[in-house]
J.: 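The structure follows.
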Amino acid sequence: AKNIVNLLCPVVEPSAGTGEIRSLTLRGVQTRTAAWPASVSPAVLFKWNAEMNIFRRRLLKSLTAALASPVWVGAQPAGPSIRIALIEGLSGPFGNTGEAVYRNLLWAVERVNARGGVKLPGGHPMLGLERYDSKGQNEEGLAALRSAIDDGIQFVVQGNSSSVAAVLIDALSKHNEREPGRRVLFLNYSAVDPVLTNEKCSFWHFRFDAHADMRMAALMEVIRDDRSVKSVYLIGQDYSFGQAVLREARRQLGAQRPDMQIVGDELHPVGRVKDFLPYAAKIKSSGAQAVITGNWGNDLTLLIKAAREVGFEGKFYTFYGNALGAPAAIGDAGIGRVVAVADWLPNVPGAQSEAFYRSFRARFPKPEDDYVHMRMQLLVEALVQAMEKSGSATNMVAVAGQLEQAAVSLSGQGGRMRAADHQFQQPLVVGLMDRQGAPGVKFDVEGSGYGFRVIRQISPAQAELPSTCRMARPV
């Protein structure tokens with residue numbers, strides 16, 4: 001892709017004293033020279049090169065996406081589109097989680113386009129989804145945001161890091177104040193540090209996942225009633241989200257299970273631990289009967305695998321233990337022991353829910369691609385609803401005004417956005433790992449032979465928590 005861009009978009013360099021231009025082309029192709037008019041000033045040359053560099057970057061991104069993406073990306077409808085920038089860790093230790101997000105959002109975009117696009121007064125533009133790799137890092141995320149804004153995109157989606165989400169919110173708030181003609185909205189599908197819709201809430205940010213305190217409260221519905229567990233080990237990733245999970249676990253255990261002993265409380269580096277055996281050995285030696293963790297991605301899979309290898313026989317109460325390799329990693333040892341909380345699970349009872357899941361698997365039949373998020377589908381539906389009700393895809397104040405009132409449903413599931421803090425309110429479910437074919441486990445996870453039986457359903461009213469948000473709105 002870089003070679004193609006070099007060929008199509010030469011950078012002009014006048015040779016000292018000769019007034020010639022030098023066109024930099026594909027390596028191995030003879031360099032061409034031509035006369036450089038003496039009347040052309042250095043300022044004009046600088047402007048040409050600056051504009052060419054912007055064009056080069058955009059063309060390189062498009063070519064790279066086209067060459068790296070599966071064939072089905074090209075099946076998206078052609079023509080003018082409303083572009084959405086996915087800023088996510090698509091490489092590195094959590095690249096698999098980023099790709100799972102991309103499949104979900106792509107499926108949602110395809111659904112909208114299949115029914116004719118976004119119905120606006122001037123026509124029915126299609127949605128387009130563009131990838132920007134943040135590598136899961138704050139600075140890379142900010143660089144990706146700048147690129148998306150330079151590319152003219154006004155809708156950003158991100159979620160697989162609360163620390164990245166926090167810097168994006170701050171950067172967007174400053175950008176939108178500085179450049180009201182190019183405002184951007186941020187739709188968050190997974191960054192669940194509670195502060196993002198409390199102390200750090202923003203008019204330009206909307207969260208579609210239940211935040212960590214809401215998820216912990218759902219898990220506590222089960223932990224509170226499980227009197228067989230008397231001791232627990234807390235372990236999490238050492239950044240804002242992981243710290244919030246353990247902090248809330250301590251608070252809620254003190255309130256609802258004061259009899260339960262916390263025998264370990266530990267944070268570990270995010271995405272850098274390759275061997276969790278030392279951590280698993282400490283968990284086992286502590287005598288803990290259960291582990292509470294918000295770990296996700298490989299940090300969860302490797303932790304659970306290590307726990308199995310050291311012979312830990314306690315329970316795992318998790319935020320994300322229902323996919324991305326975790327069930328296969330623990331195997332039979334997880335039956336009746338791994339608990340996960342989610343906004344939806346494949347074994348949620350009901351014909352509509354089953355049809356929804358089967359439709360996703362028909363679209364992505366590979367076992368390793370089996371990770372569908374209802375909330376990401378609802379996110380796209382809510383955005384489309386907001387654009388159609390506001391009659392605009394470019395007036396971000398109008399779109400945000402409708403988005404904060406959004407109420408959407410799909411396949412029997414639904415939710416509403418709370419205007420006070422832009423926290424989506426939706427049902428939550430708690431699932432218990434079991435072998436596929438057991439009662440309530442019609443579907444397994446990623447071809448592992450293990451799935452999650454729904455053991456608790458929590459209504460939006462039960463899941464809702466108060467907020468301390470004091471939102472500043474544009475005048």
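Everything quoted here is computed from the prediction, not taken from an experiment. Sequence positions, counted from 1, serve as the residue numbers for this chain.
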J.: Hey, can you tell me if W344 and Y357 have their rings parallel, tilted or perpendicular (30° and 60° cut-offs)?
T.: tilted
J.: Let's go through F360 and F356 carefully: what are the C-alpha distance in whole Å and the side-chain angles of both, what is the deciding distance for ring-ring contact (aromatic ring centres under 6.0 Å, His included) to 0.1 Å, and is it a yes or a no?
T.: CA-CA 6 Å; F360 179 83; F356 169 81; 7.6 Å; no
J.: Show me the pairs that pass side chain to side chain donor-acceptor pair (under 3.5 Å) and involve residues 381-390, at least two apart or across chains.
T.: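 Pairs touching residues 381-390 that pass the test: R115-E381.
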J.: Determine whether a donor-acceptor pair (N or O, by modelled atom type, separation under 3.5 Å) exists between the side chain of D444 and the backbone of G451.
T.: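 No; zero donor-acceptor contacts below 3.5 Å.
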J.: Give every residue pair that meets the salt bridge (Lys or Arg N to Asp or Glu O under 4.0 Å) criterion with at least one member in residues 341-354, sequence neighbours excluded.
T.: D343-R375, E354-R358, E354-K442
J.: Taking V441's backbone N and O only, do any of them form a donor-acceptor pair with R435's side chain (distance below 3.5 Å, no angle check)?
T.: no
J.: Is the side chain of Q237 donor-acceptor paired with the backbone N or O of S240 at a distance under 3.5 Å, no angle test?
T.: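 Checking the backbone N and O of S240 against the side chain of Q237, no donor-acceptor pair under 3.5 Å is found.
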J.: Could you tell me whether R146 and D150 make a salt bridge, using a distance below 4.0 angstrom between a side-chain N and a carboxylate O?
T.: no
J.: Inspect the contact between E177 and K174 and indicate whether a charged nitrogen and a carboxylate oxygen are less than 4.0 angstrom apart.
T.: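 Between E177 and K174 there is no salt bridge, as every charged N stays at least 4.0 Å from the carboxylate O atoms.
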J.: Do R207 side-chain atoms and A191 backbone N/O form a donor-acceptor pair below 3.5 Å?
T.: yes
J.: Do the charged groups of D226 and K315 touch, with an N to O distance under 4.0 Å?
T.: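 Yes, D226 and K315 are salt-bridged.
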J.: Parallel, tilted or perpendicular, judged at 30° and 60°: which one describes the rings of H422 and F206?
T.: parallel
J.: Any Lys/Arg nitrogen of R456 or D225 sitting under 4.0 Å from an Asp/Glu carboxylate oxygen of the other?
T.: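 Counted as a salt bridge, because a side-chain N and a carboxylate O are separated by less than 4.0 Å.
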J.: Looking only at atom types and distance, does a side-chain atom of N298 sit under 3.5 Å from a main-chain N or O of P93, one as donor and one as acceptor?
T.: yes
J.: If you count every heavy atom of other residues, nucleotides or ligands that lies below 6.0 Å from K135 atom NZ, does the total exceed 12?
T.: yes
J.: Quick one: is the NZ or CZ of R103 closer than 6.0 Å to the six-membered ring centre of W107, and within 45° of its axis?
T.: no
J.: Considering only NZ, NE, NH1 and NH2 on the basic side and carboxylate oxygens on the acidic side, decide whether E404 and R416 come within less than 4.0 Å.
T.: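 Looking at E404 and R416, the cut-off is not met.
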J.: Quick one: does S353's side chain have a donor or acceptor within less than 3.5 Å of a partner on S411's backbone?
T.: no
